[in-house]
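Please read the structure below before turning to the comments.
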Amino acid sequence: MKITKLETFHIRPRWLFLKISTDEGVCGWGEPDLEGKTKVVEEAVHILGKMIIGEDPMNIEHLWQLMYRGAFYRGGAILCSAISGIEQALWDIKGKTYGVPVWQLLGGRCRDRIRMYAHITPNVENPTVGQVREWAKKRLEAGFKSLKTPMFAPVRHIDTMQTVEKYIEKFAAIRETVGKEVDIAIDFHGRISPAMAPILCRELEPYYPMFIEEPVLPENVDAMVKIAKSTSIPIATGERLFTTWGFREVIEKQAAQVLQPDVCHCGGILQTYKIAAMGANYYCSMAPHNPLGPIALAACLQIDTCIPNFTAQEHPTMPDGTDLGNILFKEPFRIVDGYIDIPEKPGLGFEVNEEVLKDFAYDGYYTCPVEYHSDDNSLGDW
């Protein structure tokens, strides 16, 4: 079998689908996304495609090494996102060729269903306590047992005691609304300073968060280590890290207890599997990052099925359900009582409705939100 063609499709709201064809008629799909830079990733996909056209798609590890090491410069968000989408599609081809889901090729299942966690709401500034309660109640009524909440604060006020008090009030309201049987994670999004993060963690401890995601930015691992040592709340990070090399220091220094590699950025399915194995040696759990499309979710579900240290799976919780494959897949994924059943179909476990892709097409340009401090108009972290 030989790779013959790579095709890309920009899909609203900000996704990039990749189709890899072979000379035996077996096709695979991947999602080489990178928020705000997908056009650049698309170009990288086709540059890498020149390296692998004519190659055997079954040799996934060899082709990964070829794409990653086949030039002087390695790593980074653009290259790793492009490789990730290609690698997903290669696994899809391999699973379809052998007639089994990818998780069967990675050692078999470790569970019978996959726990999902829902976002309570988008990152809305300063909602009322009543609004927060209502949003949490809706997720509870939908059957979710795990939730995640953003900080609910303007970037300019994130490091004030007034913000801490207001957020604690809202988080306490969420906990009271959903009870003690539901897990609640918090996404700091790297917006908190190393000085304020331990204070905020201390005030949150009585409400038992499932984890705190990116209490500070991940570039300085030692800063995260200090925060991890200052609190009993598990620390999560990983969405902005690439390959096993990017996770090595975080794991070895025990800066985080929950690892969040993004299968569309970290290098793909096998890299995510390796990161899970590295983390398992330090008793880390896995909560793969996924704010993206349904192919990204499909790839995550394969990993979630076969790793022993899985905790919960993120998804964007979009109202139209397209993040679950609604309309885009012939059979979308379904969440029942907060869980998705193990995918049993070959490859990544879905069939794309190719005839409807044109209805979701756009030019590929997407701008990530940019936030400024209102008092001096200086740039703030998103």
Side-chain angles (χ1 to χ4, degrees), residues 1-10 14-23 27-94 102 217-219 221 238-252 259-278 288-289 292 295-296 299 303 348 364-366 368:
M1 184 185 293
K2 304 295 181 185
I3 296 169
T4 57
K5 184 167 60 173
L6 286 78
E7 301 172 83
T8 48
F9 309 84
H10 290 282
R14 59 179 187 181
W15 307 328
L16 181 65
F17 288 4
L18 165 66
K19 179 182 180 182
I20 297 182
S21 300
T22 69
D23 61 353
C27 298
W29 291 83
E31 191 171 334
D33 280 331
L34 184 62
E35 299 91 317
K37 298 179 176 66
T38 299
K39 292 286 286 187
V40 185
V41 173
E42 180 184 32
E43 181 65 19
V45 164
H46 290 292
I47 291 172
L48 293 171
K50 296 177 187 289
M51 301 176 71
I52 66 171
I53 286 177
E55 296 284 344
D56 184 347
M58 297 298 183
N59 298 327
I60 298 172
E61 179 69 10
H62 167 68
L63 295 181
W64 193 96
Q65 297 291 333
L66 176 65
M67 292 184 289
Y68 188 82
R69 296 167 51 202
F72 183 76
Y73 293 100
R74 305 178 181 182
I78 302 299
L79 176 63
C80 288
S81 297
I83 291 175
S84 295
I86 293 171
E87 194 257 15
Q88 293 165 23
L90 296 179
W91 277 110
D92 196 27
I93 290 170
K94 190 158 193 166
V102 169
L217 292 168
E219 291 95 341
V221 175
E239 67 187 72
R240 302 190 229 199
L241 301 176
F242 314 110
T243 76
T244 55
W245 292 281
F247 280 82
R248 181 192 58 79
E249 188 179 6
V250 168
I251 294 170
E252 288 181 350
L259 305 179
Q260 299 177 296
D262 190 312
V263 74
C264 290
H265 304 325
C266 77
I269 290 172
L270 195 53
Q271 282 290 303
T272 306
Y273 186 90
K274 292 176 180 180
I275 291 162
M278 290 169 60
H289 179 254
L292 299 170
I295 297 179
I303 289 291
L348 295 182
Y365 290 100
Y366 172 85
C368 290

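- Looking at every heavy atom in both residues, Thr272 comes nearest to Pro261 through CG2-CG, 3.9 Å.
- Minimum interatomic distance between Gly267 and Ile83 (heavy atoms only, all atoms of both residues): O-CG2, 4.2 Å.
- Of all the heavy atoms in Gln88 and Glu31, the pair that sits closest is OE1-N, 2.9 Å.
- Taking the ring centroids of Trp91 and Tyr273, they lie at or beyond the 6.0 Å cut-off.
- Counting heavy atoms from C-beta outward, Cys266 and Ile275 have side chains that approach closer than 4.5 Å.
- With a 4.5 Å cut-off on side-chain heavy atoms, Thr38 and Arg14 do not count as touching.
- In this structure the side chain of Leu90 reaches within 4.5 angstrom of the side chain of Ile3, judged on heavy atoms.
- One finds the OG atom of Ser84 at 8.5 Å from the CH2 atom of Trp64 (value rounded to the nearest 0.5 Å).
- Between Lys39 and Gly364 the shortest heavy-atom distance is CG-O, 3.4 Å.
- Atom CD of residue Glu239 and atom NE2 of residue His265 lie 8.0 Å apart, to the nearest 0.5 angstrom.
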| field | Residues Leu79, Leu48; criterion side-chain contact (heavy atoms from CB on, under 4.5 Å); working and verdict | value | CA-CA 9 Å; Leu79 176 63; Leu48 293 171; 4.1 Å; yes
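- For His46 and Thr8, the side-chain atoms include at least one donor-acceptor pair closer than 3.5 Å.
- Across all non-hydrogen atoms, the minimal contact from Ser21 to Glu7 is OG-OE2, 4.0 Å.
- Remark: Leu6 CG to Ile86 CD1 distance equals 6.0 Å, nearest 0.5 Å.
- Within the model, atoms CG of Asp23 and NZ of Lys5 stand 13.0 Å from one another, a figure rounded to the nearest 0.5 Å.
- Counting all heavy atoms, side chain and backbone alike, Gly75 lies closest to Tyr68 at N-CE1, 3.4 Å.
- Note that CZ of Arg240 is 8.5 Å distant from NE2 of His289, once rounded to the nearest 0.5 Å.
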Original post:
Can you check side-chain contact (heavy atoms from CB on, under 4.5 Å) on Glu87 and Met67, steps first, answer last?
Top reply: CA-CA 10 Å; Glu87 194 257 15; Met67 292 184 289; 5.5 Å; no
Where do Val102 and Asp92 land on the side-chain contact (heavy atoms from CB on, under 4.5 Å) test, with the steps shown first?
-> CA-CA 7 Å; Val102 169; Asp92 196 27; 5.9 Å; no
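- Contact check for Ser81 versus Pro32: no side-chain heavy atoms found under the 4.5 Å cut-off.
- Contact check for Arg74 versus Thr243: no side-chain heavy atoms found under the 4.5 Å cut-off.
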Note to self: As a quick check of understanding, evaluate side-chain contact (heavy atoms from CB on, under 4.5 Å) for Leu292 and Asp262, giving each step before the final call.
What the structure shows: CA-CA 10 Å; Leu292 299 170; Asp262 190 312; 4.2 Å; yes
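- No side-chain N or O of Glu55 forms a donor-acceptor pair with one of His62 less than 3.5 Å apart.
- No side-chain heavy atom of Ile20 sits less than 4.5 Å from a side-chain heavy atom of Pro57.
- The ring-ring contact (aromatic ring centres under 6.0 Å, His included) test with Phe9 is passed by exactly one of Phe17, Trp15, Trp29: Trp29.
- With values rounded to the nearest 0.5 angstrom, Lys274 atom NZ is found 7.0 Å from Trp245 atom CH2.
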